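As C-alpha coordinates, the structure follows; a few thoughts come after it.
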Amino acid sequence: MRKVFAAALFAFLPRAGLSLASVSLVSVFLVSLSVASVPLPASAEPRLLMAEEDGCYWCAKWDEDIAHIYPKTAEGRTAPLERYDLHSTTPDVRFARRVHYTPTFILVEDGIEVGRIEGYPGEDFFWALLSMMFDKAGIPLDEAS
(Lines give C-alpha, C1' and ligand atoms only; values in the text may rest on other atoms or scores of the structure.)
Protein backbone atom coordinates (compact mmCIF):
# COMPACT_ATOMS: atom_id res chain seq x y z
CA MET A 1 0.00 0.00 0.00
CA ARG A 2 2.79 2.44 0.90
CA LYS A 3 4.63 1.64 -2.33
CA VAL A 4 1.54 2.41 -4.42
CA PHE A 5 0.99 5.65 -2.50
CA ALA A 6 4.65 6.67 -2.89
CA ALA A 7 4.64 5.90 -6.63
CA ALA A 8 1.50 7.96 -7.15
CA LEU A 9 2.91 10.81 -5.11
CA PHE A 10 6.22 10.83 -6.98
CA ALA A 11 4.37 10.79 -10.31
CA PHE A 12 2.17 13.72 -9.24
CA LEU A 13 4.74 16.05 -7.62
CA PRO A 14 6.83 16.85 -10.74
CA ARG A 15 3.66 17.50 -12.74
CA ALA A 16 2.53 19.92 -10.06
CA GLY A 17 5.65 22.02 -10.66
CA LEU A 18 7.41 21.06 -7.46
CA SER A 19 11.20 20.94 -7.48
CA LEU A 20 13.39 17.90 -7.04
CA ALA A 21 14.26 19.16 -3.54
CA SER A 22 10.56 19.00 -2.61
CA VAL A 23 10.37 15.47 -3.95
CA SER A 24 13.47 14.55 -1.89
CA LEU A 25 11.88 15.97 1.26
CA VAL A 26 8.74 13.96 0.61
CA SER A 27 10.81 10.79 0.15
CA VAL A 28 12.57 11.39 3.50
CA PHE A 29 9.16 11.88 5.09
CA LEU A 30 7.83 8.64 3.60
CA VAL A 31 10.87 6.68 4.73
CA SER A 32 10.49 8.04 8.26
CA LEU A 33 6.82 7.01 8.24
CA SER A 34 7.67 3.48 7.19
CA VAL A 35 10.38 3.16 9.86
CA ALA A 36 8.12 4.64 12.54
CA SER A 37 5.39 2.11 11.78
CA VAL A 38 7.60 -0.94 12.40
CA PRO A 39 6.36 -2.51 15.65
CA LEU A 40 8.96 -2.78 18.38
CA PRO A 41 9.07 -5.59 20.91
CA ALA A 42 7.56 -4.79 24.28
CA SER A 43 10.98 -5.06 25.88
CA ALA A 44 14.15 -6.61 24.51
CA GLU A 45 15.70 -6.97 27.98
CA PRO A 46 14.67 -9.89 30.16
CA ARG A 47 12.27 -9.08 32.99
CA LEU A 48 10.42 -11.00 35.64
CA LEU A 49 6.71 -10.28 35.84
CA MET A 50 4.90 -10.94 39.09
CA ALA A 51 1.15 -11.40 38.80
CA GLU A 52 -0.46 -10.57 42.12
CA GLU A 53 -3.81 -9.58 43.59
CA ASP A 54 -5.13 -7.88 46.71
CA GLY A 55 -5.37 -10.17 49.71
CA CYS A 56 -2.92 -12.74 48.34
CA TYR A 57 -1.25 -14.34 51.38
CA TRP A 58 1.59 -15.89 49.34
CA CYS A 59 2.27 -12.58 47.55
CA ALA A 60 2.71 -10.94 50.96
CA LYS A 61 4.93 -13.83 52.09
CA TRP A 62 7.10 -13.38 48.95
CA ASP A 63 7.31 -9.65 49.70
CA GLU A 64 8.44 -10.42 53.24
CA ASP A 65 11.02 -13.05 52.22
CA ILE A 66 12.34 -11.97 48.81
CA ALA A 67 11.21 -8.51 47.61
CA HIS A 68 13.86 -6.55 49.50
CA ILE A 69 16.76 -8.69 48.26
CA TYR A 70 15.65 -9.52 44.69
CA PRO A 71 16.94 -6.29 43.03
CA LYS A 72 20.39 -6.87 44.58
CA THR A 73 20.78 -10.39 43.17
CA ALA A 74 22.18 -11.51 39.82
CA GLU A 75 18.65 -12.57 38.86
CA GLY A 76 17.26 -9.16 39.80
CA ARG A 77 19.93 -7.31 37.82
CA THR A 78 19.39 -9.58 34.81
CA ALA A 79 15.57 -9.51 34.89
CA PRO A 80 14.19 -6.61 36.92
CA LEU A 81 10.86 -7.29 38.65
CA GLU A 82 7.67 -5.78 37.21
CA ARG A 83 4.50 -6.34 39.20
CA TYR A 84 1.00 -6.29 37.82
CA ASP A 85 -2.44 -6.89 39.26
CA LEU A 86 -4.03 -10.04 37.87
CA HIS A 87 -7.39 -8.26 37.59
CA SER A 88 -6.23 -5.09 35.82
CA THR A 89 -4.38 -4.35 32.59
CA THR A 90 -2.29 -7.28 31.40
CA PRO A 91 1.27 -6.45 30.26
CA ASP A 92 2.03 -6.50 26.54
CA VAL A 93 3.51 -10.00 26.58
CA ARG A 94 2.85 -13.14 24.56
CA PHE A 95 1.99 -15.53 27.39
CA ALA A 96 2.29 -19.31 26.98
CA ARG A 97 -1.04 -19.64 28.80
CA ARG A 98 -3.39 -17.62 30.95
CA VAL A 99 -2.36 -16.74 34.52
CA HIS A 100 -4.71 -18.29 37.09
CA TYR A 101 -2.80 -18.17 40.39
CA THR A 102 -1.05 -15.54 42.45
CA PRO A 103 1.72 -15.05 42.77
CA THR A 104 2.85 -16.20 39.34
CA PHE A 105 6.37 -15.26 38.23
CA ILE A 106 6.84 -15.05 34.46
CA LEU A 107 10.26 -14.70 32.86
CA VAL A 108 9.91 -12.58 29.71
CA GLU A 109 12.42 -11.99 26.93
CA ASP A 110 11.67 -9.97 23.79
CA GLY A 111 8.03 -9.72 24.86
CA ILE A 112 7.59 -13.52 25.00
CA GLU A 113 7.16 -15.73 28.06
CA VAL A 114 10.16 -18.05 28.37
CA GLY A 115 9.49 -19.46 31.83
CA ARG A 116 7.02 -19.50 34.71
CA ILE A 117 6.75 -20.28 38.42
CA GLU A 118 3.17 -20.62 39.65
CA GLY A 119 2.79 -19.92 43.34
CA TYR A 120 5.43 -19.22 45.95
CA PRO A 121 7.00 -22.44 47.26
CA GLY A 122 9.11 -20.76 49.95
CA GLU A 123 12.44 -18.97 49.79
CA ASP A 124 14.75 -21.94 49.17
CA PHE A 125 12.62 -23.52 46.46
CA PHE A 126 11.95 -20.15 44.82
CA TRP A 127 15.65 -19.42 44.21
CA ALA A 128 16.25 -22.96 42.89
CA LEU A 129 13.26 -22.79 40.52
CA LEU A 130 14.23 -19.29 39.37
CA SER A 131 17.78 -20.42 38.62
CA MET A 132 16.48 -23.40 36.62
CA MET A 133 14.13 -21.09 34.72
CA PHE A 134 17.02 -18.81 33.67
CA ASP A 135 19.13 -21.83 32.66
CA LYS A 136 16.34 -23.41 30.62
CA ALA A 137 15.67 -20.08 28.83
CA GLY A 138 19.40 -19.68 28.08
CA ILE A 139 19.58 -16.29 29.81
CA PRO A 140 22.99 -15.71 31.44
CA LEU A 141 22.93 -13.98 34.80
CA ASP A 142 24.52 -10.58 35.37
CA GLU A 143 27.10 -11.59 37.96
CA ALA A 144 28.56 -8.05 38.32
CA SER A 145 28.25 -6.72 41.84
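In this text, all values refer to a predicted model and were calculated from it rather than measured experimentally.
- Here the side chains of Glu75 and Tyr70 are in contact, with some heavy-atom distance below 4.5 Å.
- Shortest non-hydrogen contact noted between Ala79 and Leu107 is CB-CD1, 3.9 Å.
- Listed for the Ser131 side chain is no donor-acceptor partner under 3.5 Å among the backbone atoms of Ala128.
- Nearest heavy-atom pair across Glu82 and Arg47 is OE1-NH1, 2.8 Å.
- Each of Trp127, Phe125, Phe126 was scored for a side chain to side chain contact (heavy atoms under 4.5 Å, CB included) with Glu123, with one residue passing: Trp127.
- Closest heavy-atom contact between Glu109 and Pro46: OE2-CG, 4.1 Å.
- Under the side chain to side chain contact (heavy atoms under 4.5 Å, CB included) rule, Met133 has a single partner from Leu48, Ile139, Val114, which is Leu48.
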Let's go through Arg116 and Val99 carefully: what are the C-alpha distance in whole Å and the side-chain angles of both, what is the deciding distance for side chain to side chain contact (heavy atoms under 4.5 Å, CB included) to 0.1 Å, and is it a yes or a no? CA-CA 10 Å; Arg116 174 183 295 218; Val99 176; 4.0 Å; yes

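- Separation of atoms CD1 (Ile117) and CG (Leu130) is listed at 5.0 Å; rounding is to 0.5 Å.
- Residues Glu113 and Ala96 share a closest heavy-atom pair of OE1-N, 2.9 Å.
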Worked check of side chain to side chain donor-acceptor pair (under 3.5 Å) between Glu53 and Thr102: CA-CA 7 Å; Glu53 62 186 331; Thr102 57; 2.9 Å; yes

Any chance you could lay out the ring pair (Phe, Tyr, Trp, His ring centres under 6.0 Å) test for Tyr101 and Trp58, step after step, and finish with the verdict? CA-CA 10 Å; Tyr101 309 103; Trp58 292 105; over 10 Å; no

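- With rounding to the nearest 0.5 Å, the separation of CD1 in Ile66 from CG in Leu81 is 11.0 Å.
- The heavy-atom pair separating Val93 from Leu49 by the smallest distance is CG2-CD1, 3.8 Å.
- In this structure the side chain of Met50 reaches within 4.5 angstrom of the side chain of Trp62, judged on heavy atoms.
- Residues Pro71 and Pro80 fail the side-chain proximity criterion, which asks for heavy atoms closer than 4.5 Å.
- The side-chain heavy atoms of Phe95 and Ile112, taken from C-beta on, include no pair separated by under 4.5 Å.
- The heavy-atom pair separating Ala67 from Arg83 by the smallest distance is CB-NH2, 3.7 Å.
- Put simply, the side chain of Thr89 does not reach to within 4.5 Å of the side chain of Tyr84, judged on heavy atoms.
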